[in-house]
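Here is the structure we will look at.
Chain letters run A, B, ... following the sequence lines, proteins first, then strands; residues in each count from 1. Here the structure is a predicted model, which means the values were calculated and not measured.
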Amino acid sequence: MKHWLMKSEPDVFSLDRLETLGTSLWDGVRNYQARNFMMKDMKVGDRILFYHSSCEPPGVAGLARVCGLAEPDPSQFDKKSEYYEPKATREKPIWHCVRVEFEKRFRRFVALDELRDEEALKEMLVLKKGQRLSIQPVTAAEFAKVVKMGGRA
DNA sequence: GCCAACGTTGGC
DNA sequence: GCCAACGTTGGC
């Protein structure tokens with residue numbers, strides 16, 4: 001089982017929204033590296049740090065899990081979607097996404113600043129300058145540390 | 001296949 | 001709103 005950090009702007013899609021829905025496709029990813037993680041590496045049961053970006057404060061709001069293997073991202077076929085991809089066809093889709101399910105909200109939101117203050121997390125990709133990948137692998141130790149900081153050990 | 005220009009991300 | 005960093009695009 002692998003561990004991941006997945007970024008979302010809460011104004012667009014928040015952990016609250018995922019809790020309401022129960023599960024959701026992680027659609028709209030338009031970066032090849034992030035797509036390849038979803039297509040090749042993510043398996044059902046993989047655990048996810050749900051990270052809120054472009055908000056005040058940014059940080060990890062809680063946990064989710066992969067509950068469905070990658071499938072074609074339907075938004076690439078939707079002309080009205082901002083994620084529409086004219087080069088994609090049903091036969092040859094370009095973008096794929098996994099399905100994720102809500103797991104739990106942290107008792108305490110773990111802000112980016114707090115992550116920065118932890119020696120044990122200094123190698124976390126999300127803390128690296130210029131690192132803007134929206135889906136990032138996280139080690140089991142980093143995952144456990146963040147969960148502990150969130151008050152749900 | 002290089003690389004300049006451009007667009008996007010995301011913290012600040 | 002700024003801007004550094006980085007990914008993508010497209011001319012050559």
Side-chain angles (χ1 to χ4, degrees), chain A residues 2-21 24-42 46-66 70-100 102-139 141-151:
Chain A
K2 292 193 171 72
H3 300 80
W4 306 93
L5 178 144
M6 297 175 84
K7 297 180 187 173
S8 183
E9 299 185 23
D11 290 347
V12 178
F13 189 80
S14 65
L15 183 63
D16 280 1
R17 180 77 181 135
L18 181 60
E19 181 171 21
T20 302
L21 295 172
S24 174
L25 285 177
W26 199 268
D27 63 355
V29 170
R30 294 295 179 267
N31 169 282
Y32 286 103
Q33 209 180 336
R35 180 204 68 175
N36 290 343
F37 282 139
M38 289 197 283
M39 284 181 75
K40 297 177 179 166
D41 298 314
M42 285 191 172
D46 281 5
R47 301 186 74 194
I48 299 162
L49 299 173
F50 196 113
Y51 181 89
H52 283 175
S53 65
S54 294
C55 57
E56 188 50 49
V60 181
L63 303 177
R65 261 189 307 258
V66 176
E71 59 182 277
D73 179 340
S75 68
Q76 71 194 306
F77 308 123
D78 178 2
K79 285 195 170 68
K80 287 172 296 194
S81 169
E82 63 174 310
Y83 303 120
Y84 178 61
E85 171 54 71
K87 293 200 281 284
T89 64
R90 300 273 174 188
E91 295 69 32
K92 287 197 172 175
I94 296 172
W95 303 109
H96 293 71
C97 57
V98 295
R99 181 171 288 278
V100 303
F102 177 82
E103 183 176 343
K104 56 186 64 162
R105 175 192 331 285
F106 283 158
R107 200 177 314 149
R108 285 185 57 258
F109 182 86
V110 180
L112 180 59
D113 283 347
E114 299 175 66
L115 298 178
R116 277 214 173 86
D117 287 341
E118 292 293 335
E119 179 69 16
L121 300 179
K122 69 176 195 296
E123 295 302 320
M124 267 188 98
L125 293 177
V126 74
L127 302 181
K128 305 261 172 175
K129 187 173 179 179
Q131 178 51 56
R132 35 181 233 194
L133 196 57
S134 66
I135 300 177
Q136 306 177 354
V138 170
T139 69
E142 289 164 348
F143 186 90
K145 176 67 181 174
V146 176
V147 169
K148 195 171 178 185
M149 293 167 74

Open item on the list: Checking A:Pro58 now: which residues fulfil side chain to side chain contact (heavy atoms under 4.5 Å, CB included) with it, not counting sequence neighbours?
Closed with: A:Tyr51, A:Glu56, A:Leu112
Task: Residues that A:Arg99 engages under side chain to side chain contact (heavy atoms under 4.5 Å, CB included), provided they are two or more places apart - done: A:Thr23, A:Leu25, A:Cys67
With a 3.5 Å cut-off and sequence neighbours excluded, list the donor-acceptor pairs that the side chains of residues 114-124 of chain A form with protein atoms.
| residue | atom | partner | partner atom | Å |
| --- | --- | --- | --- | --- |
| A:Glu114 | OE1 | A:Arg108 | NH2 | 2.7 |
| A:Glu114 | OE2 | A:Ala111 | N | 3.0 |
| A:Glu118 | OE1 | A:Lys145 | NZ | 3.4 |
| A:Glu119 | OE2 | A:Lys122 | NZ | 3.4 |
| A:Glu123 | OE1 | A:Lys128 | NZ | 3.0 |

Task: For A:Arg17, salt bridge (charged side-chain N to carboxylate O under 4.0 Å, His left out) partners two or more places apart - done: none
Task: Partner set under salt bridge (charged side-chain N to carboxylate O under 4.0 Å, His left out) for A:Glu19, not counting sequence neighbours - done: A:Arg105
Open item on the list: Over all strands shown, is A:Arg116 touching base, sugar-phosphate only, or nothing at heavy-atom distances under 4.0 angstrom?
Closed with: sugar-phosphate
Task: Opening and closing nucleotides of DNA chain B in contact with chain A, under 4.0 Å to non-hydrogen atoms - done: B:dG7 to B:dC12
